[in-house]
Amino acid sequence: MLSTFLESLGMALCLAGSLLVMVACGLPMWKVTAFIDSNIVVAQTIWDGLWMSCVVQSTGQMQCKIHDSMLALSQDLQTARALTVIAAVFGVLALAVTLAGAQCTNCIQEEALKGRIVFTGGVLYIFSGLFVLVPLCWMANNIIVDFHNPQIPPSKKREIGAAIYIGWASTALLLMGGGLLCCSFSQGARGGYPIKYTPTKSITSNGDKKHYV
């Protein structure tokens, strides 16, 4: 059935997207040191994340320090921390809602109600993707603007880290998966178009006699 295929594919994409959101939230590589000097040999690389900052030495040693105060962070980091946590919570909630209404489970027997619940789970996944997309675009824009700002010294400039790219990938998966879950609710996917038959007219015996007389 088409709806079962759409639900399975949508849930797989959304589950992968939610896991990538959690990975991006925990990684410290949101902002990384920009290598723009003529000297290729760099003694250390600085990573700035939502929860900690790390310094990687040229010898391979890495030291990380958790941010002492959230209020001391920049505004984009504060917003990214809050929205990514909300997105992760929405992803877990959407997974529970979708499993409750999925056709592979027997939590709910009524088909129409199951379709509405799956649709609600798809909407929650879409909101989760949007919550991740906002801080990613905001932080990437700030990084690009600061990179081209001549007033900022080269040592303070940063580049887009791997966590932002992972976040963009998770956003695409969540939006596509949520859209598939919403499409599985349609009557065309579930084969719910009723077939109506016109009633046949019965011919009475009196009518037959009058016809032949």
Side-chain angles (χ1 to χ4, degrees), residues 12-95 124-179:
L13 293 177
C14 290
L15 183 59
S18 297
L19 292 177
L20 289 179
V21 169
M22 298 177 185
V23 171
C25 182
L27 285 177
M29 293 175 289
W30 284 69
K31 300 178 181 180
V32 298
T33 304
F35 299 98
I36 57 178
D37 293 333
S38 59
N39 188 10
I40 300 178
V41 180
V42 180
Q44 61 185 14
T45 304
I46 301 175
W47 296 344
D48 292 328
L50 303 181
W51 310 97
M52 64 183 68
S53 296
C54 298
V55 177
V56 182
Q57 305 292 336
S58 58
T59 57
Q61 297 179 350
M62 182 174 63
Q63 296 179 348
C64 296
K65 180 183 178 183
I66 299 177
H67 297 309
D68 297 330
S69 175
M70 180 178 178
L71 299 178
L73 298 175
S74 58
Q75 191 174 5
D76 55 353
L77 285 176
Q78 294 180 17
T79 306
R81 178 187 288 192
L83 291 182
T84 49
V85 171
I86 293 174
V89 173
F90 265 73
V92 174
L93 180 61
L95 177 61
L124 291 176
Y125 274 123
I126 292 175
F127 275 112
S128 177
L130 294 177
F131 276 127
V132 179
L133 182 62
V134 171
L136 291 173
C137 295
W138 185 12
M139 187 172 296
N141 178 72
N142 291 342
I143 293 174
I144 295 173
V145 170
D146 293 341
F147 186 86
H148 295 287
N149 189 358
Q151 298 180 357
I152 297 178
S155 60
K156 298 293 184 180
K157 293 183 178 182
R158 297 289 184 267
E159 289 183 351
I160 299 175
I164 295 182
Y165 292 106
I166 294 175
W168 279 331
S170 66
T171 300
L173 292 176
L174 288 172
L175 294 179
M176 288 189 297

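Values reported hereafter were calculated over all heavy atoms of this structure, with side chains retained and with hydrogens, waters and symmetry mates removed.
- Residues V55 and T45 form no side-chain contact, since every pair of their non-hydrogen atoms from C-beta on lies 4.5 Å or further apart.
- Across all their heavy atoms, C14 and G177 have their closest contact at SG-C, 3.2 Å.
- Between C25 and L50, the shortest heavy-atom distance links the atoms O-CD1, 4.0 Å.
- For the atom pair CZ of F90 and OG of S18, the computed distance is 12.0 Å after rounding to the nearest 0.5 Å.
- Contact check for L136 versus T171: side-chain heavy atoms found under the 4.5 Å cut-off.
- Side-chain contact between W47 and M52 is absent, with no heavy-atom pair separated by less than 4.5 Å.
- G167 and A24 get closest at one heavy-atom pair: N-CB, 4.1 Å.
- Residues V21 and A88 come closest through the heavy atom pair CG1-N, 4.2 Å.
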Exercise for the section: Step by step, work out the side chain to side chain contact (heavy atoms under 4.5 Å, CB included) result for R158 and V32. Expected result: CA-CA 5 Å; R158 297 289 184 267; V32 298; 5.8 Å; no

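- Across A94 and L124, no two heavy atoms sit closer than the pair CB-CB, 3.6 Å.
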Handout entry: CA sep, side-chain torsions, deciding dist, call: L175, Y125, side chain to side chain contact (heavy atoms under 4.5 Å, CB included)
Key = CA-CA 7 Å; L175 294 179; Y125 274 123; over 6 Å; no

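- The aromatic rings of F127 and F131 sit tilted relative to each other, their planes meeting at an angle between 30° and 60°.
- The nearest pair of heavy atoms linking H148 to P150 is O-CD, 3.3 Å.
- Rounding to the nearest 0.5 Å gives a distance of 12.0 Å between CD1 of I126 and CE of M176.
- Not a single side-chain contact (heavy atoms from CB on, under 4.5 Å) links Q63 to another residue, sequence neighbours left out.
- The backbone N or O of P135 lies less than 3.5 Å from no partner atom in the side chain of T79, so there is not a single donor-acceptor pair.
- With respect to K157 and D146, no salt bridge is recorded, no charged nitrogen being found less than 4.0 Å from a carboxylate O.
- By the 4.5 Å heavy-atom criterion applied to side chains, E159 and T33 are not counted as neighbours.
- The line from OG of S170 to CG of L133 is 9.0 Å long, rounded to the nearest 0.5 Å.
- At least one side-chain heavy atom of C137 sits under 4.5 Å from a side-chain heavy atom of W168.
- The CH2 atom of W30 lies 12.5 Å from the CG atom of D48; values are rounded to the nearest 0.5 Å.
- A salt bridge links K31 with D76: the distance from a Lys NZ or Arg NE/NH1/NH2 to an Asp or Glu carboxylate oxygen falls below 4.0 Å.
- Between the CD1 atom of I144 and the CG atom of N149 there is a distance of 13.5 Å, given to the nearest 0.5 Å.
- Put simply, CD1 on I86 and CG on L130 are 13.0 Å apart, with the number rounded to the nearest 0.5 Å.
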